[in-house]
Structures are given as C-alpha cells and as structure tokens.
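Throughout, a chain's letter reflects where its sequence line sits, starting with A, and its residues are numbered from 1.
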Amino acid sequence: MPRISGVDLPAEKQVKVALTHIFGIGHALAAEILKKAGVDGNARTKALTDEEVGRISSVVESGYTTEGHLKRTVSQNINRLKEIACYRGMRHRKNLPVRGQRTKTNARTRKGPRKVVAVKRSIKAMS
Amino acid sequence: MSRSLKKGPFVDPKLLKKVLAQSRGAEQPIKTWARDCTIVPEFVMKTFLVHNGRDFKKVYVTENMVGHKLGEFSMTRIFRGHSGIKKTEEQQQAPK
C-alpha cells in the first residue's frame with residue numbers, strides 16, 4: 001500500500017481512481033499526474049513498482065497543493081474574508097450561503113438541520 | 001462572469017482623483033456613493049464613507065481589501081431576527 005502526499009494510502013483500486021483519494025486530486029488531475037509520471041492509470045495500485053510510486057509522488061509534490069496544505073489555504077482564504085468584514089465574510093460568519101442563493105427555502109447545507117420555531121398558540125387556546 | 005482583463009478593474013474616476021489629491025493632505029473620510037468601485041492599492045489606509053442607500057458606513061481600507069468593491073463593506077440590509085421568535089420567548093417566560 002503506497003503512500004503518496006503524506007498520509008494517503010490508496011487501496012486495491014486502479015491507480016487513476018486511487019489517486020482521487022488524495023484531497024485535492026480529482027479524476028482530471030489524476031489523469032494529468034499519471035501522464036506526467038508516465039504510469040498506466042488502469043493498472044492496480046498494488047501492482048505498482050516502488051520506482052513508479054516514487055515518480056508519481058514526486059510529480060504530486062512538485063506541482064500540486066494537496067491535503068493539509070490545501071485545506072489550510074482554503075481556510076485562510078475564508079478567514080481573510082471574515083476578517084475584512086466584507087459581505088462574503090459576513091455570510092461565512094453567519095453560516096449562510098455565500099453566493100447569493102435563496103434562503104427563504106432550502107440552503108439546508110449551510111444552515112444545518114431545520115430548527116422548529118414554537119408555534120404561536122391562538123388566543124382561544126390560551127384562555 | 002468575470003470582467004475582461006483588457007479593461008482592467010473598474011475604478012470610479014472621480015473617486016480616484018479625490019483619493020490622489022488627498023494623498024498628502026489632512027486625512028479626511030471621503031464620502032462616496034460609488035459602491036461598485038474596485039479598491040485599488042492607492043486606497044489603502046484611507047477611510048471612506050460608503051453609502052448603503054440610507055446612510056454612510058465608515059470603511060477603513062486595509063491591504064487585504066484590495067480587489068474587492070467598496071460596496072462589499074457597506075451592508076445594505078439589517079437582520080433583526082425572524083418574527084415570532086421573540087414572542088415565543090415571552091410566552092415561555094410568562095406564567096400560565
């Protein structure tokens with residue numbers, strides 16, 4: 001089980017798929033990397049020689065931001081927006097959609113599970 | 001869609017003139033309605049009063065803000081909570 005870009009251990013899958021288990025590498029980038037490294041993407045990961053793994057990992061490390069580094073970059077960008085108190089930053093702070101989506105309905109990904117507001121009882125029921 | 005690079009960033013010409021004229025003088029906030037004006041490096045360390053439709057919000061420009069628009073820092077909406085929430089709290093506190 002080869003390790004590429006720190007902690008990742010792609011499994012018994014084709015190399016082109018296994019690479020997408022690295023945060024920051026999707027199918028397109030995986031294909032690009034394999035082409036640069038000169039490795040056949042259809043081969044199983046377990047069948048890779050150490051030398052091939054070395055080539056792939058050197059390509060990944062030289063040209064791409066992945067994993068922790070990428071996560072840090074993203075959160076830094078968001079924190080910058082929060083600090084300068086611009087509109088997008090405020091939306092991030094409030095955990096609401098940032099890109100102008102509607103919030104009257106939907107937006108549950110950002111807002112989280114529905115919070116039920118207690119129903120106001122009618123005057124008759126109260127008396 | 002992003003703006004064509006050929007044109008460069010949109011900077012309100014009048015506002016830019018005012019900023020440059022002020023460069024060495026006494027620093028006074030510049031009142032402006034140009035919310036669509038991109039913040040360029042010349043604006044850094046300046047204070048603007050950006051109109052939000054009702055009044056002018058003070059915006060002190062820092063280096064991080066370059067590339068954003070002035071309007072992004074002057075909120076046009078005030079969220080005061082949803083109707084009903086306050087009422088239910090009162091109901092819960094009041095003895096039955």
Side-chain angles (χ1 to χ4, degrees), chain A residues 24-29 32 63-65 68-127, chain B residues 1-3 9-10 29 32-41 43-96:
Chain A
I25 295 178
H27 283 102
L29 270 193
E32 194 182 304
Y64 303 91
T65 36
H69 192 67
L70 180 58
K71 282 176 185 160
R72 215 174 320 127
T73 316
V74 171
S75 74
Q76 271 169 7
N77 291 343
I78 293 174
N79 276 328
R80 200 197 96 236
L81 290 176
K82 285 181 183 171
E83 263 164 42
I84 63 178
C86 70
Y87 182 74
R88 281 173 64 200
M90 303 312 287
R91 300 301 282 182
H92 273 293
R93 279 192 206 171
K94 290 179 185 166
N95 269 328
L96 287 168
V98 176
R99 299 183 181 177
Q101 298 97 319
R102 66 151 40 201
T103 53
K104 182 172 182 173
T105 64
N106 300 335
R108 289 338 301 193
T109 305
R110 292 286 292 181
K111 285 171 141 184
R114 291 198 160 72
K115 294 159 208 122
V116 181
V117 180
V119 187
K120 200 173 68 176
R121 281 176 295 174
S122 68
I123 300 162
K124 266 187 184 171
M126 274 167 60
S127 58
Chain B
M1 189 167 53
S2 48
R3 186 180 164 89
F10 172 76
T32 180
W33 283 258
R35 296 170 55 82
D36 56 351
C37 178
T38 311
I39 295 174
V40 288
F43 289 10
V44 173
M45 316 258 283
K46 299 250 185 279
T47 310
F48 294 87
L49 291 167
V50 184
H51 198 62
N52 72 353
R54 180 179 291 267
D55 44 32
F56 294 89
K57 296 276 183 215
K58 207 174 239 175
V59 176
Y60 176 72
V61 176
T62 61
E63 221 165 292
N64 269 340
M65 296 181 182
V66 172
H68 290 257
K69 306 266 180 178
L70 282 175
E72 289 184 55
F73 302 96
S74 173
M75 301 299 155
T76 56
R77 281 154 204 258
I78 314 165
F79 179 66
R80 292 225 164 96
H82 293 295
S83 64
I85 289 176
K86 204 181 154 196
K87 278 176 187 165
T88 52
E89 274 170 9
E90 278 169 2
Q91 271 184 357
Q92 279 167 358
Q93 282 166 5
K96 282 168 195 168

Other residues, nucleotides and ligands only: do more than 12 of their heavy atoms fall within 6.0 Å of [atom1] on [X]?
| X | atom1 | value |
| --- | --- | --- |
| Arg110(A) | CZ | yes |
| Lys111(A) | NZ | yes |
| Arg80(B) | CZ | no |

Worksheet entry | Those residues of residues 72-84 of chain A, ordered by number, that approach chain B below 4.5 Å (heavy atom to heavy atom) |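 Arg80(A), Leu81(A), Glu83(A), Ile84(A), listed by number.
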Worksheet entry | With Phe43(B) via ring-ring contact (aromatic ring centres under 6.0 Å, His included) - residues at least two apart |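 Only Phe48(B) meet the ring-ring contact (aromatic ring centres under 6.0 Å, His included) criterion with Phe43(B).
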Item to complete: Not counting sequence neighbours, which residues clear side chain to side chain donor-acceptor pair (under 3.5 Å) with Arg93(A)? List them please.
Response: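 Expected list: none.
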Worksheet item: So which heavy atom on Met75(B) is nearest to which on Cys86(A), and how close?
Response: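 Of all heavy-atom pairs spanning Met75(B) and Cys86(A), the closest is CE-C, 3.7 Å.
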Let me check something: any side-chain donor-acceptor pairs from residues 94-105 of chain A under 3.5 Å, sequence neighbours excluded? List them with distances.
from, atom 1, to, atom 2, distance (Å)
Gln101(A), OE1, Arg99(A), N, 3.2
Arg102(A), NH1, Thr105(A), OG1, 3.0

